[in-house]
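From a predicted model like this one, the values you see are computed outputs, not experimental measurements. Just so you know, these numbers use all the heavy atoms, side chains as well, and skip hydrogens, waters and symmetry mates.
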Amino acid sequence: MWFPSDSSLERIQSWVTQQYGAVSGRAKHGFDVELRPHRRQRSTEQNRFLHAILQAMVVFYRNTGFVPSGLSPWAMQVDVLKVYWKSRYGIQATRNLSTAEFTKFIDFIQLTMVEESNGCWEILEPDSAYLRALIEQGGM
């Protein structure tokens, strides 16, 4: 169960009390209770956005021949690009990134593309018709 950070202890205790009543008859071996800080995970929309950007990079390569620093033309594939950008950003997996951290990762990719392509890469927005088309084509 998630509670906002300004929730009172009484509100949390009330919820635990309600849950106790609902499961106490089935708790042969006791209860598991975990209290930890909430971490907002990235959304499905953000994941689709990342994959659409990577697909757009493949199209950009086909149209311009541009390859990001340290890559070879054979690497211009969505799955290879994802590994490349994670490594370049210094992370092993995106699944643990919060919504804000994932946004920074996507911004890093796009700003690096703009810089390395001497401004030829245009920043893509999640609501662009072009990205929606890539998402639909890719079945994302």
Just how far is it from atom [atom1] of [X] to atom [atom2] of [Y], taken to the nearest 0.5 Å?
X: Ser69; Y: Glu115; atom1: OG; atom2: CD; value: 10.0 Å
X: Leu97; Y: Gln46; atom1: CG; atom2: CD; value: 9.0 Å
X: Lys82; Y: Ile53; atom1: NZ; atom2: CD1; value: 12.5 Å
X: Trp85; Y: Met113; atom1: CH2; atom2: CE; value: 6.0 Å
X: Thr94; Y: Phe105; atom1: OG1; atom2: CZ; value: 6.5 Å

*Using modelled atom types only, decide if a donor and an acceptor are shared between the side chain of Ser72 and the backbone of Trp74 within a distance under 3.5 Å.*
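Checking the backbone N and O of Trp74 against the side chain of Ser72, no donor-acceptor pair under 3.5 Å is found.
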
Is any side-chain heavy atom of [Y] closer than 4.5 Å to one of [X]?
X: Trp121; Y: Thr112; value: no
X: Leu111; Y: Ile123; value: yes
X: Val59; Y: Gln55; value: yes
X: Leu50; Y: Phe102; value: yes
X: Met57; Y: Phe66; value: no
X: Glu101; Y: Ser98; value: yes
X: Met76; Y: Pro68; value: yes
X: Leu81; Y: Ile109; value: no

*Given the side-chain rings of Tyr89 and Phe108, with only the six-membered ring counted for Trp, is the space between their centroids under 6.0 Å?*
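Centroid separation for Tyr89 and Phe108: below 6.0 Å.
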
*Using a strict 4.0 Å threshold on nitrogen-to-oxygen distance, state whether Arg88 and Glu116 make a salt bridge.*
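The answer is yes: the pair qualifies as a salt bridge.
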
